[in-house]
Amino acid sequence: MDSSKMIHSVTLDKEKCVGCTTCVKRCPTNAIRVRDKKATIIKERCIDCGECIRVCEHHAKKAVADPLTIIQNYRFSIALPAPSLYGQFSGIRDRNVLLTALKRIGFDDVFEVSAAAEAVSAATRKELQRDDLPRPVISTACPTVLRIIRVRFPSLLPNLLPYRPPMELAARWARARAVKQTGLKPEEIGCFFISPCPAKATSAKMPIGTVKSAVSGVISIADVYTKMMPLVKKITEPEQLAMSGVPGVSWAVSGGESMGIGDTNYLAADGMENVIRILEALEDEQLENVHFVELNACVGGCVGGALTVENPYIAKARLDRLIRQAAPVLPPDDLPDWDLRWDEAVEYAPVMQLGESVAAAMSKLGQIRELETHFPGMDCGACGAPSCHALAEDIVGGFSTEDQCIFVIREKLQKLIEEQHKAAKEDQE
Amino acid sequence: MEPLTLQFPVSTEDFSQAGLASSAVKRTLKDLGFPNSVIRRMAIAMYEAEINMVIHANGGMITVTITPEVITAVFADVGPGIPNIDLALTEGWSTASESVRDLGFGAGMGLPNIQKYTDRLDIQTEVGKGTTVTIEINVA
Ligand SMILES: Nc1ncnc2c1ncn2[C@@H]1O[C@H](COP(=O)(O)OP(=O)(O)O)[C@@H](O)[C@H]1O
Ligand code: SF4
Ligand SMILES: [Mg+2]
């Protein structure tokens, strides 16, 4: 893909960056380098996972979502809250309070994404009954997981569940409903996803498996949180806005999606490191008897998303309580029978590949390995690259120089000093 | 084109390290742009042969040679050797100990799977001296 057309939600605040390389080392796709004392993101490689936002102690990495004012561009605006929102608030007994508060910060209506999640679960249950699918089927709800598979685990592409995420279904469903209710044109209705993560913000602008997103904008949970806070305590008679039951809301935590598939042979893993380990194992066919794999890039699931405010475990505990106290909600009866299926193939994005052909890549790798012998192999990161291997790769690609390595510099310096000593001695004699 | 050679010593001190060499090779093959099917077959076969070195032979040395046309991996150990190769190649045959089985290994499908996924499997072995397993996958 043309990198100038790539849209990312994770960006750098140059002022705040101290060039410490913390994020460089934690990036799962080796997409960050420190150059001229500031971090830079290699666009082609970034998967918007938000890991760098989480690890940066200087708050120099941030996610750009849309400002709340975007809703004014539409005649009718609908908030689509991800269920992870509900875990952010303490002391809530009825999630209608939260939904009402959300509506009152400026929306005309609220439509729970968890309702769409339940519809996705129902479809997944059917899909899993087909016996012509490669097993295990891998969930595609977390766009970060989808993106890492696309750049690093292409052999697993046939195993992906080819469904749009609940966010997309919710937007289509909510808009259709609003058209009926208001008589407005579809384009006059704005559907705004309230997001736990930058990855989903990116997906609304650059969807995967969907030609055009139905989401009009993405607002971060952190942004609505501060606006909802003062309202929450004042609401005594909430509107009845909840639309989904326990299964849908459970999607906010790791294992929640699996609960809804009606098959106990599932595996749910969360946190980037675990996700990668499972993908490696799947690729090597080391996992037997697993029918469905749910992977969430964030620790704990979406409650651990980089745009949330609360610790994921606290949020999960609160969600559990909310779920238990919730009265069962009947599924909405106007569930659209649109095809949930992707309308665009998801293909391998070979951004990690070294060359156009195997031969070209091999000659590059030869050069890289030769260069690596000049470096200490400590992966210290002082050069701004995540490893000695990555520095060598950057040099071969023309993006860096050997002098970036402090060990190379030290050796050069030592030689220089020795030569000077020698010269001085010779002068004396 | 100069073939590319990678070497990995395999130790048995830490079971959680088993599979590291096959992961590293898999990564290199991806960086080099080999077709998915080749990478996948190589990964499965290498993982099995690496595990065998760990659970049956006290580790050893893996040498991988890569050219655009063919990928070869040699697993050399100085372990107990294999008394009967035909038996070892039989699906479900395993001499793995109880403790190894408890770790989830020893289903007896390693060598049969290697045979299934590779284009060439060669086993040189001498009881009491060691085993050298060579596997090969043709790219085109
Ligand atoms: N490197 C090796 N050294 C000694 N014996 C081996 C080696 N590799 C395989 N074997 C023998 O062959 C048998 C079958 O191997 P395999 O098909 O991988 O099954 P498993 O490893 O599950 O036992 C092993 O149980 C073992 O007896
Ligand atoms: S786990 Fe959820 S919050 Fe985290 S990246 Fe994936 S979709 Fe976003
Ligand atoms: Mg085996």
Side-chain angles (χ1 to χ4, degrees), chain A residues 28-30 45 134 148-160 273-274 276-290 346-370 372 386-387 389-390 392-394 396-397, chain B residues 1-7 15-51 54 64-71 103-110 112-114 116-117 137-140:
Chain A
T29 54
N30 282 346
R45 288 191 176 183
I148 195 136
I149 291 175
R150 216 171 51 151
V151 301
R152 275 184 57 181
F153 299 92
S155 70
L156 297 175
L157 290 172
N159 295 64
L160 295 176
E273 261 169 58
N274 291 325
I276 289 172
R277 219 171 287 156
I278 297 298
L279 291 173
E280 292 276 1
L282 284 171
E283 198 165 48
D284 299 352
E285 295 192 356
Q286 290 169 41
L287 301 176
E288 288 164 57
N289 290 325
V290 178
V346 173
E347 277 159 9
Y348 179 30
V351 294
M352 315 295 275
Q353 222 160 286
L354 288 169
E356 295 286 315
S357 66
V358 171
M362 271 185 67
S363 102
K364 262 198 189 162
L365 186 58
Q367 293 170 51
I368 291 169
R369 280 160 51 94
E370 200 283 319
E372 269 186 273
S387 64
H389 182 85
E393 194 183 320
D394 288 351
V396 172
Chain B
M1 163 131 275
E2 275 279 295
L4 196 77
T5 308
L6 310 170
Q7 272 206 322
F15 258 64
S16 72
Q17 302 287 302
L20 276 189
S22 15
S23 280
V25 172
K26 194 164 73 178
R27 236 185 145 142
T28 301
L29 295 178
K30 283 182 191 174
D31 288 350
L32 292 174
F34 279 98
N36 283 334
S37 58
V38 168
I39 297 172
R40 192 159 189 172
R41 285 160 59 208
M42 196 64 194
I44 298 168
M46 271 199 71
Y47 177 79
E48 293 293 354
E50 185 179 352
I51 293 290
V54 175
V64 182
T65 312
I66 302 169
T67 71
E69 295 79 28
V70 56
I71 305 162
L103 290 168
F105 302 110
M109 291 304 293
N113 271 337
I114 295 174
K116 180 170 132 201
Y117 285 113
I137 289 185
N138 301 327
V139 177

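For B/E2, the part sitting under 4.5 Å from any heavy atom of chain A is the backbone (N, CA, C, O) and nothing else. Both the backbone and the side chain of B/F34 come within contact range of chain A, with heavy atoms under 4.5 Å apart. Within the 4.5 angstrom heavy-atom criterion, only side-chain atoms of B/T28, from C-beta onward, approach chain A. Only the side chain of A/Q286 has a heavy atom closer than 4.5 Å to any heavy atom of chain B. Only the side chain of B/R27 comes within contact range of chain A, judged by heavy atoms closer than 4.5 Å. With a 4.5 angstrom heavy-atom cutoff, A/R152 touches chain B via backbone and side-chain atoms both. The part of A/L282 that comes within reach of chain B is its backbone (N, CA, C, O), which places non-hydrogen atoms under 4.5 angstrom from that chain. Looking at B/F105, there are no atoms closer than 4.5 Å to chain A (heavy atoms on both sides), in backbone or side chain.
Nearest approach of A/A361 to B/D31, heavy atoms of both residues: CB-O, 4.1 Å. Considering every non-hydrogen atom in both B/R40 and A/N159, the closest pair reads NH1-OD1, 4.4 Å. When all heavy atoms of A/R369 and B/L6 are compared, the pair lying nearest together is NH1-CD2, 2.8 Å. The shortest non-hydrogen separation linking A/M362 to B/I66 is CE-O, 3.2 Å. When all heavy atoms of B/N36 and A/P154 are compared, the pair lying nearest together is OD1-CG, 3.1 Å. Here the closest heavy-atom approach between residue B/A43 and residue A/D284 is recorded as CB-OD1, 3.3 Å.
Heavy-atom neighbours of A/E288 CD from other residues, nucleotides or ligands within 6.0 Å: at or below the threshold of 12.
For the atom pair CG of A/L365 and CG of B/L4, the computed distance is 5.0 Å after rounding to the nearest 0.5 Å.
Geometrically, B/K30 engages A/F153 in a cation-pi contact, judged by NZ or CZ lying under 6.0 Å from the ring centre and within 45° of the ring axis.
Contact tally against chain B (heavy-atom pairs below 4.5 Å) for A/E280, A/E283, A/M352: the top residue is A/E283. Of the listed residues A/K364, A/E393, A/E356, A/Q353, the one with more heavy-atom pairs under 4.5 angstrom with chain B than any other is A/Q353.
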